[in-house]
Amino acid sequence: MKLECLEDLDPATRKEWDTFLYDSKNQHPRQFPVFAEIEMAEGNDPCFVIGRENGRICAAALVSRVPHKHLKGKYSQAAILSGPVCDDKRQLSEFVDGLKSEQFFNNVGRINLSPYWLASDADEAQTILAEAGFRSAEKLNLRKTGLVDLKRSEAEILASFSKSARREARRAERMNVTVTEISQKEDYFAFLEILNKLRKSRHLAILEEEMMGFSFDHFYKHGNHGVVLCAWHEGVLLAGLQMYRSKNTAHGRHFAGDNDKLKGLKNLRISPLLWLEGMKWARKKGCTQLDLEGYDASIQKGDSHYFVYKYKGEFSPLEVTRVAEHYLVVNPFYNFPGYIKPKLKEYVKGILGK
């Protein structure tokens, strides 16, 4: 396999990329070239790595290089989000090995990747990464997620929901709650305000309006490969669901509701109706499954994800594993300064027991 690293894709190569990606069973929308523009808007430096055999693309990775905070012209990491895309074990192994020795990454602290391989394929991919020297950036080598079968009719999908979820979806409809695809940025920012309120309550980073607005304008508002669905009651925004999709799989990106307004509607649970509408959107786009982007049926009370996974469980998803994010330190000098603060925070939290 021969690797080539490109700062941009010319029209012919982009067509090749799109064709390869759309035919891959391990495709993920995060590897669409449009996300290079979004990464650039976030202050990162994107590039494209292509693996070829006999002149044809057999592996591809949209890489987001994160500029080092202290060293000009250097990068703390090169992140391949939900990639690289590759369907063959041997080719994945050769591509990952090629990344390690590629001079293009000599000025990078570490390489992070997370190929979208599921179930038994995830086990094989994780073994390949471990043999290449990559370590999990998470607690476990594999993470769990849930898949909802969209090959069924809309009626069958709703029937698979829990009894309480079906009841809440119907209650929302009786209360004249409507769900629409939004295309106006002011509506998106209203949803973003609700989302950030939720993230703040969970001690997660706030999503910046400028960056999220750029991705909305360039990707989500068109309603093709990405969409933002919002639930309304008498013109008042109640909740939103942000999704994107590849050829066969839709992915839940962000979900949040305005708890104060929902309490005013007799504690209406809006998630069943909103996710059902998201599944309908995905079916119309030709998707055969929805990835809930995180689900564990065995989670126990007290876990920070308990209530999130509890409501996702009402959609009767199939629990599967996928590869966790893995990393390889390429240059310790460039990696160390960029990661000392997070590591120090983790160390202090461990000491204080927080």
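For this chain, numbers begin at 1 and follow the sequence in order. Small disclaimer: the values here were computed from a predicted structure and weren't measured.
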Practice item. Return the minimal non-hydrogen interatomic distance between Val330 and Val108, and the atom names on each side. Key: CB-O, 3.6 Å
**Study point:** Residue Arg90 excluded, over 12 heavy atoms near CZ under 6.0 Å
**Key:** yes
Check your understanding: What are the two closest non-hydrogen atoms of Phe95 and Ala59, and how far apart are they?
Key -> CD1-CB, 3.5 Å
Check your understanding: Under 4.0 Å between a Lys/Arg side-chain N and an Asp/Glu carboxylate O for Arg167 and Glu314?
Key -> no
Check your understanding: Salt bridge between Asp296 and Lys144, side-chain N to carboxylate O under 4.0 Å?
Key -> yes
Check your understanding: Is there a chain of hydrophobic side chains (I, L, V, M, F, W, Y, each step under 4.5 Å between heavy atoms) that links Val179 to Leu290?
Key -> yes
Practice item. Indicate whether the side chain of His218 and that of Glu37 have a donor and an acceptor atom separated by less than 3.5 Å. Key: no
Point to revise | Donor-acceptor pair, side chain of Gln300 and main chain of Ser298, under 3.5 angstrom | key: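 Indeed, once roles are kept as given, a pair shorter than 3.5 Å links the two residues.
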Point to revise | Validation row: Ile111, Tyr327 side chains within 4.5 angstrom (heavy atoms) | key: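 With C-beta onward as the side chain, the pair stays apart.
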**Study point:** Greater than 12 external heavy atoms within 6.0 Å of Glu208's CD
**Key:**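 No, not enclosed.
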Practice item. Over all heavy atoms of both residues, which pair between Cys230 and Phe191 is shortest? Give the atoms and the distance, please. Key: SG-CB, 4.2 Å
Check your understanding: Looking at side-chain heavy atoms only, is the closest gap between Ser82 and Arg322 below 4.5 Å?
Key -> yes
Review point. In terms of hydrophobic clustering (I, L, V, M, F, W, Y; side-chain heavy atoms under 4.5 Å; direct or indirect links), are Leu62 and Tyr22 co-clustered?
Key: yes
Check your understanding: Are any side-chain N or O atoms of Thr180 and backbone N or O atoms of Ile182, one a donor and one an acceptor, separated by less than 3.5 Å?
Key -> no
Review point. Do other residues, nucleotides or ligands put more than 12 heavy atoms under 6.0 Å from the NZ atom of Lys261?
Key: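 12 or below, so no.
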Review point. Taking the side chain from Thr249 and the backbone from Ser246, do they hold a donor-acceptor pair closer than 3.5 Å?
Key: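 No.
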**Study point:** His28 ring center near Phe35 ring center (under 6.0 Å)
**Key:**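 No - the distance between ring centres of His28 and Phe35 does not fall below the 6.0 Å cut-off.
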Check your understanding: Between His70 and Tyr334, is the ring centre distance below 6.0 Å?
Key -> no
Check your understanding: When you look at CD of Gln103, are more than 12 heavy atoms from neighbouring residues, nucleotides or ligands closer to it than 6.0 Å?
Key -> no
**Study point:** Whether Asn248 side chain and Cys287 backbone form a donor-acceptor pair below 3.5 Å
**Key:**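 No, because the side chain of Asn248 does not come within donor-acceptor range (under 3.5 Å) of the backbone of Cys287.
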Review point. Checking Ser316 side chain against Ser160 main chain: does a donor-acceptor pair fall under 3.5 Å?
Key: yes
Check your understanding: Is it true that a side-chain atom of Arg30 and a backbone atom of Leu81 form a donor plus acceptor pair closer than 3.5 Å?
Key -> no
Practice item. Return yes if some donor-acceptor pair links the side-chain N/O of Lys285 with the main-chain N/O of Gly226 below 3.5 Å, else return no. Key: no
**Study point:** Reported CG-to-CZ distance for the pair Asn112 and Phe134, which is rounded to 0.5 angstrom
**Key:**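 Interatomic distance, Asn112 CG to Phe134 CZ, rounded to 0.5 Å: 8.5 Å.
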Check your understanding: Side chains of Ser76 and Asn335: does their closest heavy-atom pair fall under 4.5 Å?
Key -> no
Check your understanding: So, does Arg152 use its side chain to make a donor-acceptor pair with the main chain of Asp149 at under 3.5 Å?
Key ->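 Side chain of Arg152 to backbone of Asp149: a pair is present.
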**Study point:** Shortest non-hydrogen contact from Asn44 toward Pro67
**Key:**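 Looking at all heavy atoms of both residues, the shortest contact is OD1-CD, 3.7 Å.
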Review point. What orientation do His251 and Tyr116 show, parallel under 30°, tilted 30 to 60°, or perpendicular over 60°?
Key: perpendicular
Point to revise | More than 12 heavy atoms of other groups within 6.0 Å of Glu154 CD | key: yes
Exercise for review: Check the pair Arg170, Glu173 against salt bridge (Lys or Arg N to Asp or Glu O under 4.0 Å), reporting the backbone distance first and the verdict last.
Suggested key: CA-CA 5 Å; Arg170 293 179 182 127; Glu173 291 176 341; over 6 Å; no
Check your understanding: Under a 4.5 Å cut-off applied to non-hydrogen side-chain atoms, are Phe216 and Leu192 in contact?
Key -> no
Review point. So does Phe307 have more than 12 non-hydrogen atoms from other groups sitting under 6.0 Å from CZ?
Key: no
Review point. Between the main-chain N or O of Lys247 and the side-chain N or O of Gln27, is there a donor-acceptor pair closer than 3.5 Å?
Key: yes
Point to revise | Asn26-Ser24 side chain donor-acceptor pair, cut-off 3.5 Å | key: no
Check your understanding: Do Leu262 and Arg269 touch side chain to side chain, with heavy atoms closer than 4.5 Å?
Key ->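 Contact flag for Leu262/Arg269 side chains = no.
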Exercise for review: Nearest 0.5 Å please: distance from the CD atom of Glu16 over to the CD1 atom of Ile57.
Suggested key: 4.5 Å
Review point. Testing Thr321, Leu147, Asp123 for side-chain contact (heavy atoms from CB on, under 4.5 Å) with Leu118, which one passes?
Key: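 Filter result, single survivor: Leu147.
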Review point. Do we get Arg65 above Tyr75's six-membered ring, with its NZ or CZ under 6.0 Å from the centre and within 45° of the axis?
Key: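 Relative to the ring axis of Tyr75, which defines the angle, Arg65 lies inside both limits.
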Review point. According to a 4.5 Å side-chain heavy-atom criterion applied to Ile, Leu, Val, Met, Phe, Trp and Tyr, with indirect links allowed, do Leu113 and Phe104 form part of one hydrophobic cluster?
Key: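 Leu113 and Phe104: one cluster.
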Review point. How about Leu328 and Lys100: do any of their side-chain heavy atoms sit closer than 4.5 Å?
Key: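 Side-chain contact under 4.5 Å: yes.
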Practice item. Please tell me if the side chains of Glu94 and Glu53 come closer than 4.5 Å, counting only heavy atoms from C-beta onward. Key: yes
Check your understanding: Is any side-chain N of the basic residue among Glu293 and Arg253 closer than 4.0 Å to the acidic one's carboxylate O?
Key -> no
Review point. For Ala132 and Asp97, which heavy atoms make the closest approach, and how far apart are they?
Key: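 Here Ala132 and Asp97 meet closest at CB-OD1, 3.8 Å.
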Review point. More than 12 heavy atoms of other residues, nucleotides or ligands under 6.0 Å from CG of Asp10: is that the case?
Key: yes
**Study point:** Ionic contact status for Lys197 with Asp260, cut-off 4.0 Å
**Key:**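 Counted as a salt bridge, because a side-chain N and a carboxylate O are separated by less than 4.0 Å.
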Study note, to complete from the structure: Exactly one of Leu241, Leu229, Val148 clears side-chain contact (heavy atoms from CB on, under 4.5 Å) with Trp275, and that residue is Leu241
Review point. Just by distance, with hydrogens left out, do Tyr188 and Asp217 show a side-chain donor and acceptor under 3.5 Å apart?
Key: no
Practice item. For atom CD of Glu7, decide whether the heavy atoms of other residues, nucleotides or ligands shown that lie under 6.0 angstrom number more than 12. Key: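 Counting other residues, nucleotides and ligands, CD of Glu7 exceeds 12 neighbours.
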Check your understanding: Does the pair Asp121/Lys89 count as a salt bridge with the N-to-O cut at 4.0 Å?
Key -> no
Practice item. Would you give the length of the straight line joining atom CZ of Phe255 to atom CG of Leu274, rounded to the nearest 0.5 angstrom? Key: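 Interatomic distance, Phe255 CZ to Leu274 CG, rounded to 0.5 Å: 5.5 Å.
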Review point. Thr145 and Asp291: side-chain donor and acceptor closer than 3.5 Å?
Key: yes
Review point. How about Ser114 and Glu325: does a side-chain donor come under 3.5 Å of a side-chain acceptor?
Key: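 Side-chain D/A pair, Ser114 to Glu325: absent.
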Exercise for review: May I ask you to check whether Arg245 and Asn224 show a side-chain donor-acceptor distance below 3.5 Å?
Suggested key: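 The answer is yes; a qualifying pair exists.
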Review point. Can a salt bridge be assigned to the pair Arg171 and Glu168 using a cut-off of 4.0 Å between side-chain N and carboxylate O?
Key: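 Yes, Arg171 and Glu168 are salt-bridged.
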Practice item. Indicate yes or no: at least one non-hydrogen side-chain atom of Arg135 is less than 4.5 angstrom from one of His326. Key: no
Exercise for review: State, to 0.1 Å, how close Arg283 and Leu150 come at their nearest heavy-atom pair, and which atoms those are.
Suggested key: NE-O, 3.1 Å
Exercise for review: Measure from the ring center of Phe214 to the ring center of Phe219 and say whether it is less than 6.0 Å.
Suggested key: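 Ring centres of Phe219 and Phe214 not closer than 6.0 Å.
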